[in-house]
Amino acid sequence: MRILLAEDDLLLGDGIRAGLGLEGDTVDWVTDGLAAEQALSTDEFDLLVLDLGLPRRDGLDVLRGMRRRGDLTPVLILTARDKVADRVAGLDSGADDYLSKPFDLDELLARVRALTRRHTGRAQPALEHGELRLDPATHQVTLAGAPVELAPREYALLRLLLEQRGKVLSRTRLVEALYGWDGELESNAIEVHVHHLRRKLGNELIRTVRGIGYGIDRPADKASS
Ligand code: CA
């Protein structure tokens, strides 16, 4: 992700740039409002982190100007002034989120992630189940935040079971979903995928209903059983 950082506090800017860099983002850093406008007019960014108190052009003016031009880049504003009015003005001028200084770098990074998630307009929200998370937009699966490598059919099976959480899906249904009508199929293909998923994600996740099929319980189902 490419982020434009507009911050005239050199120490703070350096910390933000380093933190975002560790997240794998590319950060272009400007230290005044005019330079920010210039960068926005010539380059595309996925996010603008904008200090409101900037020299040469106030952050609010930068924000209003870009929204007037129809620039929809997500904006996270930073304000040193602990005034509600500032934050309200910022949000009303088209900012997507704000942080009041001083703030924790971890919180800034989390807000940046949240904003970019929203902005990338994922067609479907991530599927979450306990510590397991599957993101249909990126095909990424994580367990307690750690990426899990799944083969394509394992991924497809997991996604289907998560989408149909609380139901038991028959073997036939799963075979059709994964292989379509024409797939030549060893009789135990689904069992093998389930075995691999259990090995990677834990034995408790997928329930076998003998003679019927497989399912993932909703958390509430689990609690009541
Ligand atoms: Ca400032």
Side-chain angles (χ1 to χ4, degrees), residues 1-126 128 131 133 135-140 142 144-147:
M1 229 179 37
R2 189 175 180 200
I3 297 173
L4 179 63
L5 169 65
E7 170 59 72
D8 61 317
D9 181 324
L10 298 184
L11 200 61
L12 180 60
D14 206 40
I16 294 174
R17 182 166 64 173
L20 289 169
L22 287 175
E23 297 263 297
D25 296 316
T26 306
V27 181
D28 292 310
W29 180 13
V30 294
T31 54
D32 69 72
L34 277 183
E37 290 200 324
Q38 204 156 30
L40 287 166
S41 67
T42 55
D43 287 85
E44 285 227 7
F45 297 93
D46 300 300
L47 177 76
L48 168 62
V49 177
L50 177 65
D51 179 31
L52 287 191
L54 285 176
R56 297 180 76 196
R57 182 149 301 166
D58 191 72
L60 265 184
D61 292 336
V62 173
L63 176 61
R64 287 179 179 134
M66 65 189 283
R67 293 305 190 229
R68 246 196 324 271
R69 292 192 302 274
D71 183 338
L72 298 176
T73 306
V75 178
L76 171 64
I77 52 172
L78 309 177
T79 170
R81 295 163 282 190
D82 189 26
K83 286 187 200 153
V84 175
D86 270 356
R87 303 199 288 265
V88 171
L91 292 169
D92 280 345
S93 302
D96 299 271
D97 201 357
Y98 70 87
L99 271 175
S100 296
K101 297 178 189 175
F103 52 79
D104 196 288
L105 186 60
D106 282 339
E107 184 176 1
L108 177 118
L109 299 179
R111 284 177 188 271
V112 164
R113 285 192 297 270
L115 280 175
T116 48
R117 269 203 307 278
R118 261 182 267 160
H119 186 65
T120 48
R122 288 184 181 157
Q124 298 174 66
E128 289 183 346
E131 293 192 307
R133 188 170 191 284
D135 188 337
T138 61
H139 283 212
Q140 204 185 35
T142 56

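One-based numbering, in listed order, for ligands and for the atoms of each. Small disclaimer: the values here were computed from a predicted structure and weren't measured.
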Report task. Could you tell me whether the Ca ion (ligand 1) has an N, O or S atom of Glu7 under 3.0 Å away? Result -> no
Query raised in the report: Between the Ca ion (ligand 1) and Gly53, is there an N, O or S atom separated by less than 3.0 Å?
Result: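 Yes, Gly53 qualifies, because one of its backbone or side-chain N, O or S atoms lies under 3.0 Å.
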Query raised in the report: Would Arg67 and Asp96 pass as an ion pair if we require N to O under 4.0 Å?
Result: yes
Query - Side chain to side chain, Leu63 and Leu48, heavy atoms closer than 4.5 Å - result: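 No, their side chains stay 4.5 Å or more apart.
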Report task. Find, among atoms of Asp8 that are N, O or S, the one nearest to the Ca ion (ligand 1), and state its name. Result -> OD1
Report task. Tell me which N, O or S atom of Asp51 sits nearest to the Ca ion (ligand 1). Result -> OD2
Query raised in the report: So, Trp29 side chain and Glu7 main chain: donor-acceptor pair closer than 3.5 Å or not?
Result: yes
Query - More than 12 heavy atoms from other groups under 6.0 Å of CD on Glu131 - result: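 Atom CD in Glu131 is not crowded, with 12 or fewer foreign heavy atoms closer than 6.0 Å.
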